[in-house]
Amino acid sequence: MQTVSIKEIPPQPSSLVSNYWEKLLVKARFLKIILEVSHQQLGSWRKALRVLRETRKKFQSVIGHPLLNKIAKVDGRYYWMIAAPGIPSAAARLNLENEYNRISHFKPSSGLKVLFLAITKKCPLNCEHCFEWDNLNQPEKLTTADLIQIVSKYQDYGTTQIMLSGGEPMVRIKDVFRILEIAKPTTDFWIFTSGFQLTAENARRLKQAGLRGVEISLDHYLPEAHDRFRGYPGAFNWATQGAINARAAGLVTTLSLTATRDFTTAENLKAYLDLAKKLGVTFVQLLEPIPVGRYRGQEVALSEAQIQVLTHFYTTYNNDDRYKDYPIIHYPGYLQRRTGCLAAGNRFMYIDTDGDVHICPFCSGKVCHALSFSVEDTLALLGQIDCHYFSKADDLAMKRESQLVST
């Protein structure tokens, strides 16, 4: 397969909102929804306004930039972060209700923000960093009926985003359509893919079936370097053309970069973000390499200096007016160091290709089988386990509150 050069990729339109008045109206609309939800649960406009102010301060202290600093519009909905359904939508409203319920306990449960569900062991690639490496290309254990049962169970619990991964989930595209057919509108569905089979026709059909977004793995701006990392000639073509097709179909489009030691320099990140801008994607996700799966036992962790490089790009490109037309950057490592781990059922969790439940894709150690336990019991078991890399969010919050009281 002949690899296209970056110069041959046609510039795509941006999904970012540039009009000041439109952004102002979106912010007002978002704040109105928050006030309505908080008033519904707290029963007082005064309390609702106080909670709104506290939430805004907390949000800005965590993410390092103002609330809704960058906003994107895709298919009539507005987005500002990957892990938040766009507004207006039933999923966005349920997400806000779940978050406020954590404060007021208005409902019996606070739902789940994100479920990562691996639907297949199959993958045509040979990726350097694959965290499912030990299970890859083994016989499938989860049937279509199993997947539908898991999805239905977690939707009923109040999950607002379900991310379908693998392996390569597009290998089971027929099952993806079946899942989307039974899905309720209170959940946004995404696919994590290499771009495999993400043709213009498949992207259009997935959008029509109810898919909301795609996260495409692109680990270098140089075609040959990405193909080498993915162990497959032409993988760069899949990723870049898949992003163009997804964008054209009206899907929220994200590029996901595993920033390795060799890659993480200011020069490489700048070139990568220039390419992301050219592709017109809404988000870029920066992931740090973790010693699991194929990386197990290897020294892959970034240096402190490299973490600072990623932090600089995250804060600068999301805030500086020079980069206002660049994609919104999501950097989980930055957030986890400030908030603690939000996995283990706190906000999200992971179900692997066998149906076994884990804290997240990178903290191995199954706690139960998703089909054998209720959601409530599953989350209770997850809550007893600590993240391998970061403090729990609740523990870190208590520590910060204690420090504030002591000062």
Side-chain angles (χ1 to χ4, degrees), residues 1-16 72-77 79 82 86 119-120 122-125 127 161-181 183 188-223 226-227 229-230 232-258 272-285 325-328 330:
M1 180 184 295
Q2 184 177 2
T3 302
V4 299
S5 70
I6 298 174
K7 291 182 179 180
E8 293 175 304
I9 298 173
Q12 303 299 306
S14 172
S15 61
L16 293 179
K73 184 179 182 180
V74 181
D75 191 36
R77 294 186 185 181
Y79 298 84
I82 294 174
I119 67 172
T120 180
K122 306 300 182 186
C123 184
L125 301 181
C127 300
Q161 286 184 303
I162 295 180
M163 313 295 204
L164 303 176
S165 66
E168 170 52 69
M170 292 293 286
V171 171
R172 292 186 75 168
I173 188 170
K174 291 182 179 179
D175 289 330
V176 173
F177 285 123
R178 291 286 302 279
I179 290 169
L180 294 174
E181 284 173 7
D188 277 3
F189 284 82
W190 286 55
I191 285 181
F192 287 4
T193 177
S194 63
F196 175 72
Q197 292 196 54
L198 192 54
T199 62
E201 175 63 14
N202 280 341
R204 182 187 62 79
R205 290 180 60 212
L206 286 166
K207 179 66 175 68
Q208 289 179 342
L211 190 71
R212 186 55 51 186
V214 294
E215 186 167 314
I216 301 171
S217 297
L218 182 66
D219 295 294
H220 213 289
Y221 59 91
L222 295 176
H226 176 74
D227 289 357
F229 186 85
R230 291 282 162 175
Y232 192 93
F236 183 85
N237 292 16
W238 288 356
T240 52
Q241 189 58 52
I244 292 171
N245 294 338
R247 179 75 182 86
L251 293 164
V252 185
T253 308
T254 298
L255 294 183
S256 182
L257 165 69
T258 299
Y272 186 95
L273 291 169
D274 286 342
L275 174 59
K277 176 189 174 185
K278 188 176 186 181
L279 289 169
V281 302
T282 298
F283 297 105
V284 168
Q285 177 166 250
D325 54 350
Y326 278 75
I328 303 165
H330 179 59

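Throughout, numbering of the chain's residues begins at 1 and tracks the sequence.
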Point to revise | NE2-CD1 distance between H330 and I82, expressed to the nearest 0.5 angstrom | key: 5.0 Å

Point to revise | Approximate separation, where rounding is to 0.5 Å, of L164 CG and F192 CZ | key: 9.0 Å

Review point. With sequence neighbours left out, what residues match K278 under side chain to side chain donor-acceptor pair (under 3.5 Å)?
Key: none

Minimum heavy-atom separation for [X] to [Y], with atom names?
X	Y	result
P169	I191	CG-CG2, 3.6 Å
E215	W190	N-CE3, 4.1 Å
P124	V171	CD-CG2, 4.5 Å
G86	D188	N-OD2, 4.0 Å
G234	D227	N-OD2, 3.0 Å
Y79	I328	O-CD1, 4.1 Å

Option from [options] for which side chain to side chain contact (heavy atoms under 4.5 Å, CB included) with [X] holds:
X	options	value
W238	L125, I216, T199, L198	L125
L218	L275, L257, T258, V281	L275
F177	I179, D175, I173	I173

Point to revise | Heavy-atom side-chain contact between V176 and R205 under 4.5 Å | key: no

Review point. More than 12 non-hydrogen atoms from neighbouring residues, nucleotides or ligands closer than 6.0 Å to CZ on R77, yes or no?
Key: yes

Review point. Partners of T282 by side chain to side chain contact (heavy atoms under 4.5 Å, CB included), sequence neighbours excluded?
Key: S15, A72, V74, V252

Mark yes or no for whether [X], through its side chain, and [Y], through its backbone, hold a donor-acceptor pair below 3.5 Å.
X	Y	answer
R247	G280	yes
D75	G250	no
Q12	P10	yes
Y221	D274	no
D219	H226	no

Revision key, fill the gap. Salt bridge (charged side-chain N to carboxylate O under 4.0 Å, His left out) filter on R204, not counting sequence neighbours, yields E201

Review point. Are side-chain N/O atoms of E168 and T193 paired as donor and acceptor at under 3.5 Å?
Key: yes

